**Student:** 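Before I ask anything, here is the structure I am working with.
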Amino acid sequence: MKEIIELINSIIVITAFYIQGQAYFKPQIYAQAVQSGLISVLSFYLAFTTGVLDYVFLGIAVIVIRATLVTFFLLKGLKKVHGYRENTRGVASELIIDLAFFLTALVIIYYFVISRYFLGVKDYYSLVFSFMLFFQGLFLILSRKSTISQILGYIEEENSLVLFGIFLIPIPFLVEASIFLDVLGLVLVSSVLTRVKGEHKVIEELRG
Amino acid sequence: MEDGQLLLTLLILIPSLANITSFNIKALKNSTMISSTISLLLSILLLIEKGSLLPIVGLFYVTSFTVFFILMINSIYLLSSVYSLEYIEDKDVNGLLNSKTYYVLLNFFVSSMLFTVSVNNFGFMWIGVELTTITSALLITTEYSEVSLEATWRYIIIVSAGVTIALFSIILIYYQYHTLTVSTLLSLHQPSKLIELAVGLALIGFGTKVGVFPMYTWLPDAHSEAPSPVSALFSGVLLPSVLYVLYRVYQLDPLANLYLAFSVLSILTASVILTYQWNIKRLFAYSTIENMNLALIGLTIGQPAGALILLLSHAFGKASAFYSSGVLVKVLKEKRIDEFKGVNRLKLASSSLLLASLAVTGTPPFGTFVGEFLILRTLLERGLILPLIVLLIAIPLEFISINYHVNKVIFSGGEKGAVREPPIMSSISLISSIISLVIGVFYLLTVM
């Protein structure tokens with residue numbers, strides 16, 4: 001059964017790589033939906049194996065808010081141009097930099113944090129996956145110029161937190177649900193901005 | 001529900017309830033004025049009755065320390081609402097916001113700040129911090145331009161990404177204690193390695209929004225591009241609200257050296273950047289970084305009174321700085337320090353700008369001076385010589401930079417002739433700077 005969890009965790013990380021290597025917005029958004037869906041699957045699986053009801057609520061919240069509503073608002077915020085893509089070159093090289101970046105970060109995090117602080121946690125190595133996702137999200141924000149990609153980076157970071165929470169301890173459902181609604185609010189505001197400002201570059205007035 | 005809980009529920013709800021009249025802009029403006037006045041009166045009542053009402057523990061956690069934050073938020077709320085009456089003209093607002101949405105978001109923004117500082121749960125505090133981002137982000141775009149949109153985006157993405165790290169910290173706290181209730185956790189005092197990690201992560205996470213090095217890059221952008229009443233709320237009360245949350249987490253396991261190192265670095269870098277500022281509002285934004293980190297040092301080294309006086313006085317002083325620079329930007333249509341001409345024709349605005357710059361740079365007898373003095377004295381008493389030396393270099397550097405630039409603006413010379421000074425905006429600006437002075441004088445008179 002442990003293998004199933006590891007398999008799903010690995011696919012979640014692969015979706016993050018897919019998002020990083022993708023220049024077209026629609027596939028990126030759908031990959032985010034798949035990533036969130038897989039996290040909810042993990043949550044349901046843990047509910048089934050542990051019998052903790054909180055995991056069921058968490059799984060429902062992830063699938064309704066993150067996989068469905070956030071995807072809906074992001075697609076709505078996207079300009080309805082066929083094949084709308086990011087004006088960027090070198091997506092593949094960004095992917096390579098991403099690999100180097102996240103592997104380095106991962107080794108450091110694993111050595112200094114996980115192996116030191118979480119040894120008492122059951123299946124503590126599963127926490128590594130959430131850190132993987134977190135750094136993927138951070139790198140996506142740093143490496144891209146478009147609003148959509150940067151929002152997706154932020155959602156990936158949030159997904160990493162859910163994953164972290166799932167393997168460590170589910171926080172009270174009321175707080176969890178509020179966090180989800182909060183993220184939805186932020187995505188709503190961001191999708192409003194996406195309509196008027198699709199890309200971000202250095203502006204002289206904002207220097208110094 | 002007991003009196004204190006009821007009072008706090010009202011305090012949080014009143015600004016949001018003002019939005020009921022959002023169908024009509026005139027009614028909305030009136031209800032905002034009424035709600036901000038009632039909110040301030042209620043917070044004064046809370047301050048007067050604190051002996052019988054405090055501490056409030058339950059759904060909310062409010063001590064006499066928290067009351068000053070509530071008072072601060074509601075004071076700047078009232079000043080900014082009145083200032084907005086003249087500043088936000090319907091014809092000026094276009095693009096993403098209209099003036100109705102401006103007032104609606106302003107009211108929700110204030111409610112979210114009050115919620116953040118009062119709630120008795122670290123998880124909900126985090127949500128409150130994120131809510132302040134959601135409610136305030138679009139306010140930056142009020143003066144719709146390419147630059148303001150970019151500033152808004154930087155604010156959203158940098159702050160949200162940063163605060164996500166704070167959520168790691170919250171999860172760790174829950175993992176360790178199986179509760180997030182602030183009052184319970186503060187009474188536990190059971191430090192551990194995990195809580196140490198959580199407190200460290202909170203510095204990066206919440207510190208992003210407080211203006212801690214190196215994540216403060218969003219701050220000058222958002223503060224300079226937001227309309228002046230919003231900049232005043234950002235600088236005067238939003239940052240202190242998040243600082244309050246950071247302090248509550250810090251109390252779980254004080255990592256004094258780590259917090260001190262980052263705060264000192266923030267002040268040092270901000271004071272260097274201040275020397276070559278060209279935009280009047282960015283100048284004050286960097287000064288906010290300096291003041292917030294000084295307050296953080298005060299809280300870190302066990303000088304909460306100094307930090308509180310500094311924050312309170314800074315709130316009014318910095319609000320005045322943004323209000324008066326708002327008058328200048330609106331009337332003279334200029335932001336560049338070197339390009340200002342004829343500022344001294346605006347008598348009230350230039351006077352309040354001068355007072356405000358003295359206030360935010362900690363000139364005696366302003367409250368900020370008292371706060372800074374108490375904090376520096378505590379550093380000396382604790383034998384923290386290295387940070388003290390760095391601060392004794394950075395603070396004068398900041399003092400000279402800001403006052404030099406502001407004097408350059410005020411005494412810029414230029415063409416003579418009458419300029420119509422906006423009466424409400426200029427008066428609010430002057431009142432705000434005088435309050436900052438009164439706080440310092442009052443403290444000195446009562447203590448000495």
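Quick caveat, the model's predicted, so the values are computed rather than measured.
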**Student:** Counting only heavy atoms closer than 4.5 Å, note whether B/Ala161 contacts chain A via side chain, backbone, both or neither.
**Tutor:**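 Interface part for B/Ala161: both.
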**Student:** Please classify the contact between A/Leu161 and chain B as side chain, backbone, both or neither, with a heavy-atom cut-off of under 4.5 Å.
**Tutor:**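 Both backbone and side chain.
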**Student:** Contact part of B/Glu146 toward chain A, heavy-atom cut-off under 4.5 Å: side chain, backbone, both or neither?
**Tutor:**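 Both parts, backbone and side chain.
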**Student:** Quick one: what part of B/Ile273 sits under 4.5 Å from any heavy atom of chain A, side chain, backbone, both or neither?
**Tutor:**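 Only the side chain of B/Ile273 comes within 4.5 Å of chain A.
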**Student:** Report which part of B/Leu131 has an atom under 4.5 Å of a heavy atom belonging to chain A: side chain, backbone, both, or neither.
**Tutor:**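 Both the backbone and the side chain of B/Leu131 come within 4.5 Å of chain A.
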**Student:** Give me the atom names and distance for the closest heavy-atom approach of A/Leu140 to A/Ser149.
**Tutor:**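 That would be CD2-O, 3.4 Å.
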**Student:** With a 4.5 angstrom heavy-atom cut-off, could you sort out which part of B/Arg154 is near chain A: side chain, backbone, both or neither?
**Tutor:**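 For B/Arg154, the contact with chain A is made by the side chain alone.
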**Student:** Using a 4.5 angstrom heavy-atom cutoff, name the option from B/Leu180, B/Leu197, B/Ile156, B/Asn121 with the most pairs to chain A.
**Tutor:**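 Heavy-atom pair counts peak at B/Leu197.
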**Student:** Shortest non-hydrogen contact from B/Val163 to B/Trp126?
**Tutor:**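 Between these two residues, the closest heavy atoms are O-NE1, 2.8 Å.
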**Student:** If you count heavy-atom pairs under 4.5 Å with chain A, which of B/Thr152, B/Thr135, B/Leu172, B/Thr133 comes out on top?
**Tutor:**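 Sorted descending by pairs with chain A, the first entry is B/Leu172.
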**Student:** For the interface with chain A, which of B/Ile170, B/Leu138, B/Leu194 has the highest count of heavy-atom pairs at distances below 4.5 Å?
**Tutor:**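 Most heavy-atom pairs within the cutoff with chain A belong to B/Leu194.
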**Student:** Indicate whether any N or O donor in one side chain lies under 3.5 Å from an N or O acceptor in the other, for B/Tyr155 and B/Ser136.
**Tutor:**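 B/Tyr155 vs B/Ser136: donor-acceptor pair found between side chains.
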**Student:** Inspect the contact between B/Lys209 and B/Glu130 and indicate whether a charged nitrogen and a carboxylate oxygen are less than 4.0 angstrom apart.
**Tutor:**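 Here B/Glu130 does not pair with B/Lys209 in a salt bridge, since their nearest N and O are not under 4.0 Å apart.
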**Student:** Under a 3.5 Å cutoff, is there a donor and acceptor pairing between the side chains of B/Tyr286 and B/Ser401?
**Tutor:**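 The answer is no; no qualifying pair exists.
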**Student:** Side chains of A/Ser36 and A/Gln32 only: does a donor on one sit below 3.5 Å from an acceptor on the other?
**Tutor:**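 Yes - a donor-acceptor pair under 3.5 Å links their side chains.
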**Student:** If only side-chain N and O atoms count, and only distance matters, is there a donor-acceptor pair under 3.5 Å linking B/Thr101 with B/Asn98?
**Tutor:**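 A donor-acceptor contact under 3.5 Å links the two side chains.
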**Student:** Let's test your reading of the structure: which of B/Lys335, B/Arg282, B/His178, B/Lys193 forms the most heavy-atom pairs below 4.5 Å with chain A?
**Tutor:**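 Ranked by contacts with chain A, first place is B/Arg282.
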**Student:** Just checking, is any N or O donor in the side chain of B/Ser160 or A/Glu158 under 3.5 Å from an acceptor N or O on the other one?
**Tutor:**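 Result is no, nothing qualifies.
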**Student:** Examine whether an atom of B/Asn279 lies under 4.5 Å from a heavy atom of chain A, and if so say whether it belongs to the side chain, the backbone or both; otherwise answer neither.
**Tutor:**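 For B/Asn279, no heavy atom lies under 4.5 Å from chain A.
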